[in-house]
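Fair warning: this is a prediction, and the values are worked out from it, not measured in the lab. Reminder, nothing fancy here: chain letters follow the sequence lines and each chain counts from 1.
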Protein chains: 2
Amino acid sequence: MPESPPPRLDEIDALLLDLLQHDAGRTLHDLGEQVGLSASAVQRRIARYRKDGLIARQVAVLAPHRLGPTVLATVLVTLDQESFEHHRVFSERMCSDPQVQQCYRVAGPWDYVVILAARSMHDCGRLGDRLFKADDNVRRYETLVTFEAVKTGLALPVPASQPSRP
Amino acid sequence: MPESPPPRLDEIDALLLDLLQHDAGRTLHDLGEQVGLSASAVQRRIARYRKDGLIARQVAVLAPHRLGPTVLATVLVTLDQESFEHHRVFSERMCSDPQVQQCYRVAGPWDYVVILAARSMHDCGRLGDRLFKADDNVRRYETLVTFEAVKTGLALPVPASQPSRP
DNA sequence: CGCCGGGACGCAATAATTTTGCGTGCCTGA
DNA sequence: TCAGGCACGCAAAATTATTGCGTCCCGGCG
């Protein structure tokens, strides 16, 4: 799959993408007002972001505590066997479990950082047992239960590589 | 601020919220087809989710690698002084920095788990210096640079506490 | 047992938003 | 200097969201 190079972005693109990352619910007209463009210009830019794969998808973010009690946890994991195949198997299990929010493969003594969402402390323990303790290839894991989600989001800083011409 | 109790959700609500968490871009008609309701019924349910604060917001998720080179990292942080005020100051700095994606206050020897997005390895180092090394009250921090984002998202498992009547 | 609300639904009308067509202006490169 | 490409605004057209209304089903109560 030939990946085209990252598209050039001007200041308006950066502004627009930043707005969209924080609230994609506004109308094109609204967005246009914020960045000083017409609705159709905004629409065409956004269409381009999508075509370029810049915007991966659009999602609704739920408020955890409004779904009932929720326990979030970060789990650090070290595998035993490190073969390509073992990593693939582990990754796939993380991807396919809906209680796994995020999973990163990292450098250093730990192999993975996994973020879990559970319904209770008890459920969290069960989840850890199921995902990690029951896996022969997990050498060791450590669970960091969160007291408080200080900040959440997936927003990335958007670089404006080119000035926009006024 | 009196928090009303979490609203009751039936199977259709769970299905709908799950769909919205993964792709909030579909039309009401489409969603209705998926869950077996009319567009207006779907619209009314979604309006209720919003009113109840169940859907916090709607955001666009960008593809990191399409923005140009991106380095993600997980940082484990332990504070020195643990007073309420010290925690507040730290939390606020995390919240206000756009390169901080997520920040969780956790139980155990580490106080915080912080997820960073940087433009390069070098930038990542500078960011760590700025956020943690320059902070007198950070006793110790450890950076886990990610090789690969295996799974990302903020989707929560939605419990269907009540059956829907057909 | 029968008679009200209350709540959710579908359908259809209405309102709002998104998408497209078209003409214009500006920058770039020949 | 002149053509080509590109992004823009405006306004029409298409699609989508929202609202009004009548119906149905369930639960509580006379």
Side-chain angles (χ1 to χ4, degrees), chain A residues 4-62 66-67 158-166, chain B residues 4-62 66-67 158-166:
Chain A
S4 52
R8 304 254 173 271
L9 301 174
D10 64 21
E11 288 168 5
I12 292 181
D13 289 318
L15 198 53
L16 208 42
L17 286 167
D18 207 53
L19 286 172
L20 290 171
Q21 284 193 101
H22 293 284
D23 180 4
R26 322 160 90 105
T27 67
L28 298 174
H29 181 87
D30 265 14
L31 292 168
E33 226 161 59
Q34 298 274 326
V35 303
L37 287 180
S38 72
S40 49
V42 171
Q43 196 274 339
R44 277 184 271 249
R45 282 184 187 242
I46 293 178
R48 186 163 59 79
Y49 305 151
R50 269 194 254 274
K51 185 173 63 64
D52 290 346
L54 214 61
I55 292 183
R57 59 198 206 280
Q58 204 170 107
V59 303
V61 179
L62 306 190
R66 303 267 24 199
L67 277 178
V158 181
S161 46
Q162 273 184 333
S164 56
R165 357 177 190 272
Chain B
S4 52
R8 303 254 172 269
L9 301 174
D10 63 21
E11 289 168 4
I12 292 182
D13 290 318
L15 198 53
L16 208 43
L17 287 167
D18 207 53
L19 286 172
L20 291 171
Q21 284 193 100
H22 292 285
D23 181 3
R26 322 159 89 106
T27 67
L28 297 175
H29 181 88
D30 265 14
L31 292 168
E33 226 160 60
Q34 298 275 325
V35 303
L37 287 180
S38 71
S40 49
V42 172
Q43 195 274 340
R44 278 185 270 249
R45 282 186 187 239
I46 293 178
R48 187 163 58 79
Y49 305 151
R50 269 193 253 275
K51 185 173 64 62
D52 290 346
L54 214 61
I55 292 184
R57 61 196 205 281
Q58 202 171 111
V59 303
V61 179
L62 306 190
R66 304 266 22 195
L67 277 177
V158 181
S161 46
Q162 272 184 330
S164 57
R165 355 177 187 274

Could you give the [atom1]-to-[atom2] distance, from [X] to [N], as a whole number of Å?
X	N	atom1	atom2	result
A/Y49	D/dA7	OH	P	11 Å
A/R50	C/dT18	CZ	P	10 Å
A/R8	D/dA7	CZ	P	14 Å
B/R45	C/dA8	CZ	P	8 Å
A/I46	C/dT19	CD1	P	9 Å
A/L37	D/dC10	CG	P	11 Å
B/K51	C/dA8	NZ	C1'	14 Å
A/R48	D/dC8	CZ	C1'	13 Å

Practice problem: Heavy atoms under 4.0 Å is the rule here; annotate nucleotides 11-17 of chain D 5' to 3' with B where the base is hit, S where only the sugar-phosphate is, and - elsewhere. | Solution: -----SS
Self-check item: Among A/V35, A/V42, A/L17, side-chain contact (heavy atoms from CB on, under 4.5 Å) partner for A/I12
Solution: A/V35
Quiz item: If you measure from CG on B/D13 to CG on B/L54, what distance do you get to the nearest 0.5 Å?
Solution: 8.5 Å
Quiz item: Taking only N and O in the side chain of B/R44, is any of them less than 4.0 Å away from OP1 or OP2 of D/dT19?
Solution: no
Exercise. Under the salt bridge (charged side-chain N to carboxylate O under 4.0 Å, His left out) rule, collect the residues that match up with A/R26, sequence neighbours excluded.
Key: A/D23
Quiz prompt | Neighbour count >12 (heavy atoms, 6.0 Å) for atom NE2, A/H29 | solution = no
Quiz prompt | Taking every non-hydrogen atom, the tightest pair across B/R45 and B/L37 | solution = NE-CD1, 3.6 Å
Quiz item: Looking only at heavy atoms, which two atoms of A/R8 and A/R48 are closest? And how far apart?
Solution: O-NH1, 4.3 Å
